[in-house]
Amino acid sequence: MSAEDGLFLSLLKPGPRVRSALRGALDLVFPPQAIDGGAALAGGLSAAAWSRIQFLDGPVCDGCGAPFEFDIGSRCASCLAKPRAFDAARAACLYDEYSREPILKLKHADRTDLAPLFARWLSRAARDLIDEADAIAPVPLHPSRLLSRRYNQAAEIARPLARMTELAYLPDALIRRRATETQGGKSGVGRKRNVAGAFEVPHRRAQQVRGRRILLIDDVMTTGSTAEGCARALKAAGAVRVDVAVVARVKEMSGLAI
């Protein structure tokens, strides 16, 4: 299918805001169901689904957000040995077979109604980073992928988070200047190579970033390579600090598809 055909088809389909409004109208007529079946609580998850998600309420590494079994200090051994390009990271929960389904529903199944729920999770999990931030920016998609998906899942989370925290929202301060392969299935080194030099701040947007503390938003963190690539681009444009908040992060490298 050509790019022109893809654009034509995307115009025939409603955007995420329209789909969310339509879904809300249907909820007035038909009782909503959780994505795993049964009655839904807030955000489309059942009580059983809520209970299985491993929220990161305990001590975590200040550098990468990895959970600690015990409070052993502010940074894990990996971050102490090799500091990352971003300054600090937080995740709302672990990425596993239980959190994976709602995240992939947002990412690939047009369930943009889940984005405000994830934003509320981040408002709690990253509250210390939010207090220090000047603005919120989503990890960008390449235009070709945005055309096929029709929305950026990171932006869908970042937008309501910016509203509820009253921080400036910078949807296009950061761009992905080249299409990259999916990060799924790649090693840590492969992920770094895949996104090396892929992000930049356009010259016309540099004033939005210069001298500011930016909170970068994404759905999942595995090795942190994407977040590091974005942080380097933001700091090169003059950001004084870049922190990261994600819905979920893997505890260890796993075979779960993202």
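Side chains are part of it too, since the values below use all heavy atoms of this structure and drop only hydrogens, waters and symmetry mates.
Distance check: T222 OG1 to Y95 OH gives 8.0 Å after rounding to the nearest 0.5 Å. One distance of note links CG of L234 with CG of L170; it measures 9.0 Å at 0.5 Å rounding. Taking CD1 of I157 as the start and CG of D218 as the end, the distance is 7.5 Å to the nearest 0.5 Å. Going from atom CH2 of W121 over to atom SG of C93 covers 5.0 Å, rounded to the nearest 0.5 Å.
Remark: the backbone N or O of S99 is paired with a side-chain donor or acceptor of D96 at under 3.5 angstrom. In this structure a side-chain-to-backbone donor-acceptor pair under 3.5 Å is missing from Y169 to P138. R210 contributes no side-chain N or O that, together with a main-chain N or O of G238, makes up a donor-acceptor pair within less than 3.5 Å. Here the side chain of E156 pairs no donor or acceptor atom with the backbone of T112 at under 3.5 angstrom. At distances below 3.5 Å, not a single donor-acceptor pair connects side-chain atoms of K105 with backbone N or O atoms of D110.
For the salt bridge (Lys or Arg N to Asp or Glu O under 4.0 Å) with R90, the qualifying choice from D57, D128, D131 is D128, the only one to do so.
Residues M164 and I217 fall within the same hydrophobic cluster, defined by Ile, Leu, Val, Met, Phe, Trp and Tyr side chains chained together at heavy-atom separations under 4.5 Å. Cluster annotation: L215 and V240 are assigned to distinct hydrophobic clusters (Ile/Leu/Val/Met/Phe/Trp/Tyr, side-chain heavy-atom contacts under 4.5 Å, transitive). No continuous path of ILVMFWY side-chain contacts below 4.5 Å connects Y98 to F55, so the two sit in separate hydrophobic clusters. Residues L129 and V60 fall into different hydrophobic clusters, defined by Ile, Leu, Val, Met, Phe, Trp and Tyr side chains chained together at heavy-atom separations under 4.5 Å. L146 and L106 fall into different hydrophobic clusters, where Ile, Leu, Val, Met, Phe, Trp and Tyr side chains are chained together by heavy-atom contacts under 4.5 Å.
Side-chain atoms of Q208 and R212 include no donor-acceptor pair closer than 3.5 Å.
Counting non-hydrogen atoms of neighbouring residues, nucleotides and ligands closer than 6.0 angstrom, the CD atom of Q207 exceeds 12 such neighbours.
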**Message:** Quick one, L216 with V139, criterion side-chain contact (heavy atoms from CB on, under 4.5 Å). Give me CA distance, side-chain angles, the key distance, then yes/no.
**Reply:** CA-CA 7 Å; L216 186 69; V139 169; 3.8 Å; yes
**Request:** Evaluate side-chain contact (heavy atoms from CB on, under 4.5 Å) for R177 paired with H142, printing each intermediate quantity in order.
**Result:** CA-CA 7 Å; R177 63 183 182 184; H142 188 266; over 6 Å; no
**Request:** Could you walk me through whether Q153 and V220 pass the side-chain contact (heavy atoms from CB on, under 4.5 Å) test, one step at a time?
**Result:** CA-CA 11 Å; Q153 74 277 1; V220 179; over 6 Å; no
**Request:** Verify side-chain contact (heavy atoms from CB on, under 4.5 Å) between C64 and C76, making sure each step is shown before the conclusion.
**Result:** CA-CA 8 Å; C64 66; C76 68; 3.9 Å; yes
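A pairwise comparison of heavy atoms in L122 and V246 identifies CD2-O, 3.0 Å as the closest pair. Contact detail for L56 and G65: the closest heavy-atom pair is CD1-O, 4.0 Å. When every heavy atom of R84 is checked against every heavy atom of G224, the shortest pair comes out as NH1-CA, 4.1 Å. Contact between C79 and R75 at its shortest, heavy atoms only, is CB-CD, 4.2 Å. When all heavy atoms are compared, the tightest approach of G211 to D134 is O-OD2, 4.5 Å. Here the shortest heavy-atom pairing between V201 and A233 reads CG2-O, 3.7 Å.
Between R249 and D219 there is no salt bridge, since no side-chain N of the basic residue sits under 4.0 Å from a carboxylate O of the acidic one. Look at R213 and D243 and you find no salt bridge, because none of the NZ, NE, NH1 or NH2 atoms lies under 4.0 Å from a carboxylate O.
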